[in-house]
Protein chains: 2
Amino acid sequence: MTDQSWVRYGVERLRQVGLRPTQQRVALAELLFAEGDRHITAECLYDEAVAKNVKVSLATVYNTLNQFREAGLLREVVVRSGKSYFDTNTTAHHHAFDERTGRVEDIDLGVDEDELRRLVEVPSGKCITGVDVVVRVRDEERA
Amino acid sequence: MTDQSWVRYGVERLRQVGLRPTQQRVALAELLFAEGDRHITAECLYDEAVAKNVKVSLATVYNTLNQFREAGLLREVVVRSGKSYFDTNTTAHHHAFDERTGRVEDIDLGVDEDELRRLVEVPSGKCITGVDVVVRVRDEERA
DNA sequence: GTAACTGCAAAACTTTTGCAACCAG
DNA sequence: CTGGTTGCAAAAGTTTTGCAGTTAC
């Protein structure tokens, strides 16, 4: 998709979820969604925006990420305490996390989502809102 | 176990993992381990210590929790960004987390740990250091 | 025009750290 | 004694917020 057509598409998508398509939101949406699935932190997205000469403040990046999450455009992935990661893939799937590099990747769990929910023994009086699997990984050691 | 005998036991356990059994460490260890499995935050343990007239500072609670984790006495559970939970059960098991109450509970996943690891498609060149399953729950709605 | 949004700086939180005083061995 | 620990306060890191100014419509 060209930048031009992306802007039109992004503007439309923002309107659909009830967010006014401001310059900052459209620019951040492009960074987030134009190039496939991404896992990103606020700081990281801010640095990227600055590098691409997008005029935006860190506070707005935080606010925007939260608004996008509330609108269902993003999903938060909890892999590390003290830092938030956002995932542009909002469908049910799971993650691998490398503590050393801080990198998050999607993984295929050999279990179907419904199957997984069925396996879980839910505390009484509660219902499941989500199941998150985080596989912690590190570089394989060359012995 | 009586308080007296607990202190002797706790002192021994701390020595075993190479930590000097100071007043604060012994007192915190008792709060943590004397009454079955617990899931607790630093702030929460500090409040509990203060309520029981244990003379300890919040900084020491943080340091102690980290030392206990490094020593293998505790395990960290990542369920929420921006707050650390520690679990006194260090064996392989999984958690239910209620976002509303902030409460963490152990759950039984209907899958054996080895089986779970076998199912996962690990990114190439990486090996698994752990698999954490967090089931997000909320109160069942009475319709 | 006006309500929504942004930027900045300050605040709020959680967690870590530096260092003098303190305590266990 | 003496080195490991603690407490305090200060710092560090992430995220939120208050408010004056700007922008989308």
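Within every chain, numbering begins at 1; the chains are lettered A, B, ... in the order of the sequence lines, protein sequences first and strands thereafter.
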Please work out whether the ring planes of Tyr85(B) and Phe97(B) are parallel, tilted or perpendicular, with thresholds of 30° and 60°.
-> perpendicular
Do Thr41(B) and Ser84(B) touch side chain to side chain, with heavy atoms closer than 4.5 Å?
-> no
Quick one: is the NZ or CZ of Arg13(A) closer than 6.0 Å to the six-membered ring centre of Phe33(A), and within 45° of its axis?
-> yes
Would you say Arg75(A) and Phe86(A) make side-chain contact, with heavy atoms under 4.5 Å?
-> no
Non-hydrogen side-chain atoms of Val79(A) and Val78(B) separated by less than 4.5 Å | no
In whole angstrom, what separates Tyr46(A)'s OH from dC8(C)'s P?
-> 7 Å
Within residues 57-67 of chain A: residues closer than 4.0 Å to DNA chain D (heavy atoms) | Ala59(A), Tyr62(A), Asn63(A), Asn66(A)
If you measure only the distance, is there a donor-acceptor pair under 3.5 Å linking the side chains of Gln24(B) and Thr64(B)?
-> no
Are Asp98(A) and Asp139(A) close enough that some pair of their side-chain heavy atoms sits under 4.5 Å apart?
-> yes
Nearest heavy-atom contact between Leu28(B) and Ala49(B) is CD2-CB, 4.2 Å
Length of the NZ-P vector between Lys55(A) and dC8(C), whole Å = 6 Å
Of all the heavy-atom pairs spanning Pro21(B) and Arg15(B), show the shortest one and how long it is.
-> CG-NH1, 3.7 Å
Does a donor on one side chain and an acceptor on the other come within less than 3.5 Å for Arg136(B) and His95(B)?
-> no
Please list, pair by pair, any protein nitrogen or oxygen found under 3.5 Å from a nitrogen or oxygen in nucleotides 22-25 of chain C.
{"from": "dA24(C)", "atom 1": "OP1", "to": "Gln23(B)", "atom 2": "NE2", "distance (Å)": "3.2"}
{"from": "dG25(C)", "atom 1": "OP1", "to": "Arg15(B)", "atom 2": "NH1", "distance (Å)": "2.8"}

Ion pair Arg69(B)/Glu76(B), N-O distance below 4.0 Å = yes
Just how far, in rounded Å, is P of dT14(C) from CZ of Phe86(B)?
-> 14 Å
Show your working on side-chain hydrogen bond (donor to acceptor under 3.5 Å, both in side chains) between Asp108(A) and His94(A) and close with a plain yes or no.
-> CA-CA 7 Å; Asp108(A) 204 354; His94(A) 303 287; over 6 Å; no
Per the under-4.0 Å heavy-atom filter, residues of residues 76-83 of chain B near DNA chain D come out as none
State which residues pass salt bridge (Lys or Arg N to Asp or Glu O under 4.0 Å) with Glu43(B); sequence neighbours excluded, sorted by chain then number.
-> none
Axis bend over the full length of the helix from dG1(C)-dC25(D) to dG25(C)-dC1(D), computed from five pairs that close each end, to 10 degrees = 30°
Taking 4.0 angstrom as the limit, do Arg38(B) and Glu48(B) come out as a salt bridge?
-> yes
Can you pull the contact range of chain B along DNA chain D, 5' to 3', using atoms under 4.0 angstrom from its heavy atoms?
-> dG3(D) to dA9(D)
Pairwise side-chain contact, Leu65(A) with Val61(A), heavy-atom cut-off 4.5 Å (strictly under) | yes
